[in-house]
Amino acid sequence: MLAAFSGFRRSTGAARLAAAATASGLMAAGVLSGAGRAEADETPQSQGGATATINGLKTFGEAVIHEDGGDQRVEAGLFEMSVDGGGTLQTYCVDLHNPTQRDAHYQETPWSGTSLGANKDAGKIRWILQHSYPQVNDLAALARQAGAGALTEQDAAAGTQVAIWRYSDGAKVDAVDPQAEKLADYLHKRARGLGEPQASLTLDPPAVSGRPGDLLGPVTVHTNAGTVAVSPPADAATSGVRIIDKTGKAITSAQDGSRLYFRIPADASAGTAQLTVQGSTTVPVGRAFASDSRSQTQVLAGSSESTVSATATATWAAEGAIPELSARKDCARSGVDVIAANKGDKPFTFQLMGAEHTVPAGASRTVTVPLQEDQAYDFTITGPHGYSHRFTGVLDCRTQGTITTRTTRTRNEPSPATVSGGTTAPGTDLATTGGSAITPLIAGVAIGFVVIGGAVLVVLRKREQPGD
């Protein structure tokens, strides 16, 4: 998010933290079932693609947000992310009132797993990204189109972010620099709806199952990379599990549309295996990036050649139920969809949220776990033959509403009035965007409890006095 926006968001940040803490406790009590954490395979809700760590706001100007509680001047512009395995991403934010956490980790995510999924103007945001900075790096030409005179990189980044906020958050926001404001107005008025871009790399389906001796699959590769490397299970040499095509040829590389199969030895004991596909490509503009720590959602504006990866899991057994589980965030239903299939000859029954669900032999079911916004979830589903799958994450599907709290500065926060555009000063770009705000919040809550406790003692002592 924006460094100067921390105090403005403080009351909302406290509410989100309190709600998340309460929700996490409820989920632990109501959703965890079966095997303990140490025995379960952890499955974050990443569907493949690029994963990255946010570095901070790098190219920015200023904007003014108009709220009922008054106007607030904030930084607005391009963030930078470092891709796991190599590469750099440039992003704008689409979650104005949610803070950015220091060094937050992000995953490439379908629009349906973010606030963009329910936003009828998401396609217009993609249009803005494709028709402005940094995709359009001829700033003189961009300025002429927008009637903006001359644009610096900071102006272009600020104007683009302002136009995006108007569609992503429905915000009343203007760029401070007149040229940046002209660009924002131009982009806002000219934007047209475009479809969601394809993922940089996914495997479909992410889980398969069957009998020993069978070909389990196919798992289809979807990617914009030319080729991707296919890595077999880590224990392939001892387990005998191979990754092949439909002709039986061992597969070590694949491309878009390739179909992969797990070859399971006929005498294999019940078990699981995982294949990994990895490549290098530019991530398509407009892809969403969601964090695993409630850090604000980002949308891709530019990508270097970057590492992308995806995994698929196979499960097999000689008899009985053979569960096949995967999960995905479903913002349209405000929850997480657990997709359970059963390739066995007996029903597969599991507990989830206190309810029992049964998948008949040869059938599949989708169970939606309802969640509150910003709710952390952590549940485990167990099955026969020691099968156990753990799913963890945070539901972050909506942008926040209007905030009326005015800015209050803390010791380490820069003044909003000192922002001048350009490169963020070391140590200030993310220090006040959510990561360091938790400590004073916790301290404030603790002090509040002390005050309340003191008041209760005074009342009790008065009641104990004779004659009262």
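Keep in mind it's a predicted model, so treat the numbers as computed, not measured.
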Begin with the C-alpha distance, continue with both residues' side-chain angles, and end with the deciding distance and a verdict on side chain to side chain contact (heavy atoms under 4.5 Å, CB included) for Tyr377 and Lys329. CA-CA 11 Å; Tyr377 56 90; Lys329 292 179 183 178; 3.7 Å; yes
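- The minimum heavy-atom distance between Ala163 and Leu187, with the atom names listed, is CB-CB, 3.8 Å.
- Among residues two or more places apart in sequence or in another chain, the side chain to side chain donor-acceptor pair (under 3.5 Å) test is passed with Thr315 by none.
- Rounded to the nearest 0.5 Å, atoms CZ (Arg287) and CG (Leu116) are 10.5 Å apart.
- In this structure, Gln296 contributes its side chain and Asp95 its backbone to a donor-acceptor pair below 3.5 Å.
- Here Leu78 contributes atom CG and Phe60 contributes atom CZ; the two are 11.0 Å apart, rounded to the nearest 0.5 Å.
- Contacts of Asp185 classified as salt bridge (charged side-chain N to carboxylate O under 4.0 Å, His left out), with partners at least two apart in sequence or in another chain: Arg166.
- Side-chain N/O atoms of Thr366 and Asp337 include no donor and acceptor closer than 3.5 Å.
- In this structure, Gln90 has no side chain to side chain donor-acceptor pair (under 3.5 Å) partners at least two apart in sequence or on a different chain.
- Put simply, the side chain of Cys93 reaches to within 4.5 Å of the side chain of Gln298, judged on heavy atoms.
- Judged by distance alone, with hydrogens and angles left aside, the side-chain atoms of Gln107 form a donor-acceptor pair with the main-chain N or O of Ala290 at under 3.5 Å.
- Note that CZ of Phe79 is 6.5 Å distant from OG1 of Thr91, once rounded to the nearest 0.5 Å.
- One finds the NZ atom of Lys172 at 9.0 Å from the CD atom of Glu67 (value rounded to the nearest 0.5 Å).
- Of the options Thr380, Asp378, Leu325, Val336, a side-chain contact (heavy atoms from CB on, under 4.5 Å) to Phe391 is made by Leu325 and by none of the others.
- Looking at Asp256, its side chain never comes within 3.5 Å of a backbone N or O of Asn224 through a donor-acceptor pair.
- Of the possible donor and acceptor atoms, one in the side chain of Trp111 sits under 3.5 Å from a partner among the backbone N and O of Gly286.
- One distance of note links CG of Asp84 with OG1 of Thr53; it measures 5.0 Å at 0.5 Å rounding.
- The closest side-chain donor-acceptor pair between Asp174 and His66 falls under 3.5 angstrom.
- Checked by atom type and distance alone, the side chain of Glu181 pairs as donor or acceptor with a backbone atom of Ala175 at under 3.5 Å.
- Minimum interatomic distance between Asp169 and Leu96 (heavy atoms only, all atoms of both residues): OD2-N, 2.8 Å.
- At distances below 3.5 Å, not a single donor-acceptor pair connects side-chain atoms of His188 with backbone N or O atoms of Ala184.
- Side chain of Arg126 to main chain of Gly195: a donor-acceptor pair is present (N/O by atom type, distance under 3.5 Å, no hydrogens or angles).
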One pair to check against side chain to side chain contact (heavy atoms under 4.5 Å, CB included): Thr358 and Phe348. What are the steps and the verdict? CA-CA 6 Å; Thr358 298; Phe348 168 49; over 6 Å; no
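- Ser258 OG to Ile251 CD1: the interatomic distance, rounded to the nearest 0.5 Å, is 7.0 Å.
- In this structure Ser168 satisfies the side chain to side chain donor-acceptor pair (under 3.5 Å) test with no other residue, sequence neighbours excluded.
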Which pairs of donor and acceptor atoms, one on a side chain in residues 135-148, lie under 3.5 Å apart (sequence neighbours left out)?
residue, atom, partner, partner atom, Å
Gln135, NE2, Ala301, O, 2.8
Asp138, OD1, Ala140, N, 3.3
Asp138, OD1, Ala141, N, 3.1

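- Residues Ser200 and Glu108 have side chains that bring a donor and an acceptor to within less than 3.5 angstrom of each other.
- Nearest heavy atoms, Tyr92 versus Pro134: OH-CD, 4.2 Å.
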Side chain to side chain contact (heavy atoms under 4.5 Å, CB included) evaluation trace for Val230 with Val221: CA-CA 10 Å; Val230 180; Val221 178; 5.9 Å; no
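- Results of the side-chain contact (heavy atoms from CB on, under 4.5 Å) test with Val283 over Ser304, Ser303, Pro197 single out Ser303 as the only residue that passes.
- Between the side chain of Glu80 and the main chain of Lys58, no donor-acceptor pair closer than 3.5 Å is present.
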Begin from the C-alpha positions of Ile54 and Phe289 and carry the test side chain to side chain contact (heavy atoms under 4.5 Å, CB included) through to its verdict. CA-CA 10 Å; Ile54 196 163; Phe289 278 79; over 6 Å; no
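- Side-chain atoms of Arg259 do not come within 3.5 Å of backbone N or O of Gly257 as any donor-acceptor pair.
- Contacts of Ser295 classified as side chain to side chain donor-acceptor pair (under 3.5 Å), with partners at least two apart in sequence or in another chain: Tyr106.
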